Engineer: 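Got a structure for you, questions after.
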Amino acid sequence: MKKTILAAAVLLLASSFRPAAAQDENNTAGAAPQTEALTDGDNTLPYGKMLALSQAELQAARFKYNDNRNQWTLVKGYVADPDMLRYMSTPFHPNTSDYRVLIQGAAAGTSYVEVAFYADDTYQSILSWMRRHGADLDETSSGNLTKTTCTWEGYTLELQMIATRTAETRTTTNTSTTSTTSSAAQPNGGRPVVSSTAQTGNQASTAPAPASRPSGPSDNARPAPAPAATTRTNTTTQSTSQTVDTSFNTYRYYIYTGAEPSSPWHDKQASKQAARDDKGKKKQNVSDLM
């Protein structure tokens, strides 16, 4: 059982990852609480090893670094944002082997790890681990979002299941063809040639009627050809429509260390928000009013 859960928890990645600061190749995420507790048999934190990989290890694992956002990202295939699916012109069919891993840096170490994927087995493995080992477990559901949160060894874990309900109408067309061929017309309507009878005295003699000669200026003129055989083709097309359920789930798993994200992009966004707040343009939501 333990081997099965561990194998499923790392199904999406060929190797283990942990985020590191981009400035120092040998630096590890020192902000992660109790890093030594990340690997302990069945108590191993899913994807916890990503919290301590150095820059060199991240590069070797083919992570891409975004200096503006201080993020390391690894992508296989395509993971769509569920909120953007409505704008797609063609139906979206996810591949269960696709995933995206994002490691957000902090001022020192790592702020959080996000793993987005479609594999149902991986979701069930992480959920089962959280229920067995997590403290302060909380499971909620609202609309198309099901969320499970817990704490573990100083980390905050969050697992999301986002349901996308879709259906397609698929049409099957069957075409059948029937051919009917009629034979060529026989001379004289297909009836035998009628003979002529000549009588001499009391004795009658029967002789074939003389063959008619083709009209025309020459004895070599050919008789008119008999009508050719004809073929009639009838084509019948039948269409059948069926509605197929194409719904799927998008999963997101987060490991929060408690450190705030830090990058030039985050600093700029914070400055913009502060300027809006100073001008009194902050939009209040229902929670703010409460």
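Since the structure is predicted, the reported quantities are computational estimates derived from the model, not experimental observations.
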Engineer: Distance from T237 atom OG1 to N174 atom CG, nearest 0.5 Å?
Structural biologist: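 Reported value, rounded in 0.5 Å steps: 9.0 Å.
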Engineer: Is there a donor in the side chain of T246 and an acceptor in the side chain of T166, or the other way round, less than 3.5 Å apart?
Structural biologist: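 Yes, side-chain donor-acceptor contact under 3.5 Å.
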Engineer: Quick one, W152 with H133, criterion side-chain contact (heavy atoms from CB on, under 4.5 Å). Give me CA distance, side-chain angles, the key distance, then yes/no.
Structural biologist: CA-CA 7 Å; W152 181 85; H133 302 289; 4.2 Å; yes
Engineer: Under the ring pair (Phe, Tyr, Trp, His ring centres under 6.0 Å) rule, collect the residues that match up with F92, sequence neighbours excluded.
Structural biologist: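 Y78, F248.
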Engineer: Taking C-beta and beyond as the side chain, do L157 and I255 meet within less than 4.5 Å on heavy atoms?
Structural biologist: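 Contact flag for L157/I255 side chains = yes.
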Engineer: Locate the shortest heavy-atom distance separating Y123 from Q160; write the atom from each residue and the value.
Structural biologist: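 Taking Y123 first and Q160 second, the nearest heavy atoms are CE1-O, 4.2 Å.
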Engineer: Show, in sequence, the C-alpha distance, side-chain angles and deciding distance for E57 and Q59, and conclude whether the side-chain hydrogen bond (donor to acceptor under 3.5 Å, both in side chains) test is met.
Structural biologist: CA-CA 5 Å; E57 290 171 322; Q59 291 173 339; over 6 Å; no
Engineer: Quick one: does N70's side chain have a donor or acceptor within less than 3.5 Å of a partner on S263's backbone?
Structural biologist: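 No; judged by distance alone, with no hydrogens or angles, the pair does not exist.
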Engineer: Any side-chain donor paired with an acceptor under 3.5 Å for Q273 and D277?
Structural biologist: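 Side-chain D/A pair, Q273 to D277: present.
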Engineer: Less than 4.5 Å apart, side chain to side chain, heavy atoms only: is that true for Y155 and L51?
Structural biologist: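 SC-SC contact between Y155 and L51 confirmed.
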Engineer: Identify whether V75 and L58 are in the same connected component of the hydrophobic contact network (ILVMFWY, side-chain heavy atoms under 4.5 Å).
Structural biologist: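 Cluster IDs for V75 and L58 differ.
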Engineer: Specify the closest pair of heavy atoms between N249 and Y118, including all atoms of both residues, with the distance to one decimal.
Structural biologist: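 Reported closest heavy-atom pair: O-CD2, 3.3 Å.
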Engineer: Kindly work out whether a path of hydrophobic side-chain contacts (I/L/V/M/F/W/Y, heavy atoms less than 4.5 Å apart) joins V115 to M161.
Structural biologist: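 Linked within one cluster.
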Engineer: Show, in sequence, the C-alpha distance, side-chain angles and deciding distance for S141 and K147, and conclude whether the side-chain hydrogen bond (donor to acceptor under 3.5 Å, both in side chains) test is met.
Structural biologist: CA-CA 6 Å; S141 180; K147 183 167 64 174; over 6 Å; no
Engineer: Report the C-alpha distance between D81 and R252 in whole Å, list the side-chain angles of each, state the deciding distance to 0.1 Å, and finish with yes or no for salt bridge (charged side-chain N to carboxylate O under 4.0 Å, His left out).
Structural biologist: CA-CA 11 Å; D81 185 342; R252 291 175 179 171; 3.6 Å; yes
Engineer: side-chain contact (heavy atoms from CB on, under 4.5 Å), that's the test. Do W72 and L53 meet it? Break it down for me.
Structural biologist: CA-CA 11 Å; W72 290 92; L53 281 182; over 6 Å; no
Engineer: Please list, chain by chain and in numerical order, all residues satisfying salt bridge (Lys or Arg N to Asp or Glu O under 4.0 Å) with E260, sequence neighbours excluded.
Structural biologist: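 Applying salt bridge (Lys or Arg N to Asp or Glu O under 4.0 Å) to E260 gives none.
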Engineer: Students often mix this up, so state it plainly: with edges at 30° and 60°, are the rings of Y112 and Y256 parallel, tilted or perpendicular?
Structural biologist: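 Rings of Y112 and Y256: tilted, as their planes differ by 30° to 60°.
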Engineer: Could you tell me if the side chain of D120 sits less than 4.5 Å from the side chain of Y251, heavy atoms only?
Structural biologist: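 The answer is yes; the side chains approach within 4.5 Å.
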Engineer: Side-chain donor-acceptor pair under 3.5 Å between D136 and T151, yes or no?
Structural biologist: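 Yes, side-chain donor-acceptor contact under 3.5 Å.
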Engineer: Shortest non-hydrogen contact from V79 to D98?
Structural biologist: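 Smallest heavy-atom distance, with atoms named: CG2-C, 4.2 Å.
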Engineer: Output the distance between atom CG (D278) and atom CZ (R276), rounded to the nearest 0.5 Å.
Structural biologist: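 Those atoms lie 11.0 Å apart.
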Engineer: Of the non-hydrogen atoms in A106 and S262, which two are nearest, and what is the gap between them?
Structural biologist: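 Smallest interatomic distance, heavy atoms only, reads C-CB, 3.6 Å.
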Engineer: Measure from the side-chain N and O atoms of T257 to the backbone N and O of S111, and report whether any donor-acceptor pair falls under 3.5 Å.
Structural biologist: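 Answer holds: yes.
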Engineer: For residues W265 and R69, report the shortest heavy-atom separation together with the two atoms involved.
Structural biologist: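 So the minimum-distance heavy-atom pair works out to NE1-NH2, 3.4 Å.
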Engineer: For a 4.5 angstrom cut-off between non-hydrogen side-chain atoms, does F63 reach T73?
Structural biologist: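 Of all side-chain heavy-atom pairs linking T73 with F63, none is under 4.5 Å.
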Engineer: What's the shortest heavy-atom distance between M130 and T148, and which atoms?
Structural biologist: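 Here M130 and T148 meet closest at CE-O, 3.5 Å.
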Engineer: To the nearest 0.5 Å, tell me how far L137 CG sits from R131 CZ.
Structural biologist: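 Between L137 CG and R131 CZ, I get 7.5 Å after rounding to 0.5 Å.
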Engineer: State which residues pass side chain to side chain donor-acceptor pair (under 3.5 Å) with Y253; sequence neighbours excluded, sorted by chain then number.
Structural biologist: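 Residues passing side chain to side chain donor-acceptor pair (under 3.5 Å) with Y253: none at all.
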Engineer: In chain order, what residues pass the salt bridge (Lys or Arg N to Asp or Glu O under 4.0 Å) check against E114, with sequence neighbours excluded?
Structural biologist: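 Partners of E114 by the salt bridge (Lys or Arg N to Asp or Glu O under 4.0 Å) criterion, ordered by chain and then number, come out as R100.
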Engineer: Hey, are the side chains of T233 and T177 touching, using non-hydrogen atoms and a 4.5 Å cut-off?
Structural biologist: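 In contact.
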Engineer: Is it true that a side-chain atom of W129 and a backbone atom of T44 form a donor plus acceptor pair closer than 3.5 Å?
Structural biologist: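 Yes; judged by distance alone, with no hydrogens or angles, the pair exists.
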Engineer: Does some side-chain heavy atom of Y47 sit less than 4.5 Å from a side-chain heavy atom of I126?
Structural biologist: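 A side-chain contact under 4.5 Å exists here.
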Engineer: Please identify each residue that fulfils side chain to side chain donor-acceptor pair (under 3.5 Å) with S241, with sequence neighbours left out.
Structural biologist: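 Applying side chain to side chain donor-acceptor pair (under 3.5 Å) to S241 gives T171.
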Engineer: In chain order, what residues pass the side-chain contact (heavy atoms from CB on, under 4.5 Å) check against D267, with sequence neighbours excluded?
Structural biologist: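 So D267 forms no side-chain contact (heavy atoms from CB on, under 4.5 Å) with any residue.
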Engineer: One pair to check against side-chain contact (heavy atoms from CB on, under 4.5 Å): S128 and R132. What are the steps and the verdict?
Structural biologist: CA-CA 6 Å; S128 177; R132 289 198 312 274; 2.7 Å; yes
Engineer: CG/N144 to CZ/R165 distance, rounded to the nearest 0.5 angstrom?
Structural biologist: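 It is 8.5 Å, given to the nearest 0.5 Å.
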Engineer: Among L127, L159, T149, which residue satisfies the side chain to side chain contact (heavy atoms under 4.5 Å, CB included) criterion with E139?
Structural biologist: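 Exactly one candidate clears the test, L127.
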